[in-house]
Amino acid sequence: MSLRLRAAAASDVGRLRENNQDDLLIVDDALFVVADGMGGHVAGEVASREAVDAMRNAYAVPGSMGDVRQAVRLANGAVWQRGDEDPSYRGMGTTVTAVAVVEGGRLAVANVGDSRTYLLRDDELVQLTKDHSFVQEAVRSGQLTRAQAESHPRRSQLTRALGVGDDVEVDVDLLEPLTGDRLLLCSDGLWDEVGDELIARVLTNHADPGDAASQLVMWANEAGGRDNITVIVVDVLDGDQQSRAVAASAALEEAGETSAGGSAAGGGAPAAGFEPPARWKAPSTSGTQDRSLMQAAGPPPDSARPRLLTWRVLAFVVVLLGVLAAAAVIVSRGGPAWAVGLDGNDVVVRRGSTLVERKPLQVNQLPAAVRTELAQGKRMGDRAEAERYVDGITRTALRDGTITPGAGVVVPPAVVPPASTGTAGSSPTTGAAAPGRDGAVTSPVPGP
Ligand code: MN
């Protein structure tokens, strides 16, 4: 297939950290990198930035799998050397996960550390990378269960990272992409807060990659936001889809959204912005359209000759603006109306009388007020508004505990059942050690 990709990203400092040590890179929709730096003060930021810059310089699209591996090794060398030169950066390191277009229209997926790349194909989410972390290696060797790993005090400790040695072993796999595939690159600030099931649901429910990216960051913050959160969503498209996505992405940019991480600026492709959870309202895209429409057609009331502004002119202007506003509403809401309602017990999105999407949410999981709204059919301005509404009531149901998103999804503490405490093989008395990632690279085998 001829490979066409479209990506959007979001990065956020989270709710507890003071700075964002994650970094990301998008080059020509052909190379995508997420790096999660660690080290005291600014060292973590330096490490992830250094790795991302080195990847950009080292990989020419489309290379081979070996070229991707070599680029990651060069990035390792760059971080290692920087730490060696400056004592204040000593001990810094960074994870990296990368997706790169290679010869033959295929994708190479590389990683070192615990930043992950996932594939969503046919609504099923698969983790493509294997974490190089203490607990995930213990899970793979059967020493820990997945559930134990999720609450393990050492779950942030890495067994491999860039910049901690003069060379590094890099895992690289090859993926044969299909139209409709969606890839997700992310730092542990996402997957440690938001379980795979919810990640899959958000990726499935948000067609626009920018929406999906910002929603994932929002959910990670909702779940606690204890770490920096960085995501890149990459869609494998056919030609038509691509032009639609470009238009949508441009609209997002026009709305004035910026990446909280700010690191995508070096990449080239636009990074869709993160919307903080407080802003559940519609984005201002339609407002922007209204404004430009009126500027184009409406005479400015304070013209160069103010004496012309008689009551009749004023009345004319008011009527004209009213007509234009009505026209703008019709333009932005063209076609049958969107609504969220019910089909039997299921929550569904409709356009006119057409059932567009059935949501994994049922009426008896919702508060009475919402049931009433849904029974009548809740009118929405557009598809995006409908999705936001469904996200909102899903969040309410999660909070109320009427839906349980399954293992791994962290819901607000008030409704979390008490976690099972025992962890095999390791004493929980190491409680003093918060699983912060500052310098937390451990050797797989305890050193002498
Ligand atoms: Mn992290």
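Nothing fancy with the numbering, it's 1 onward along the sequence. First listed ligand is number 1; within each ligand, the first listed atom is number 1.
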Any idea which N/O/S atom from Asp188 gets closest to the Mn ion (ligand 1)?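 Going through the N, O and S atoms of Asp188 one by one, OD1 ends up nearest to the Mn ion (ligand 1).
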Measuring from the Mn ion (ligand 1), name the closest N, O or S atom belonging to Asp227.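 Distance check against the Mn ion (ligand 1) picks out OD2 in Asp227.
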Quick check: does Asp36 put an N/O/S atom under 2.8 Å from the Mn ion (ligand 1)? yes
Mind checking whether the Mn ion (ligand 1) has an N, O or S of Asp114 under 2.8 Å? no
For residues 65-84, which residue pairs qualify under salt bridge (charged side-chain N to carboxylate O under 4.0 Å, His left out), counting only residues two or more places apart or in two chains? Glu50-Arg82, Arg73-Asp167
Whether the side chain of Gln365 engages the backbone of Gln362 through a donor-acceptor N/O pair (distance < 3.5 Å, no angle test) should be reported.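 Indeed, once roles are kept as given, a pair shorter than 3.5 Å links the two residues.
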Main-chain N/O of Gly163 paired with Asn76 side-chain donor or acceptor, under 3.5 Å: yes
Partners passing side-chain contact (heavy atoms from CB on, under 4.5 Å) against Ala212 (at least two apart in sequence or in another chain): Arg182, Leu203, His206, Val233
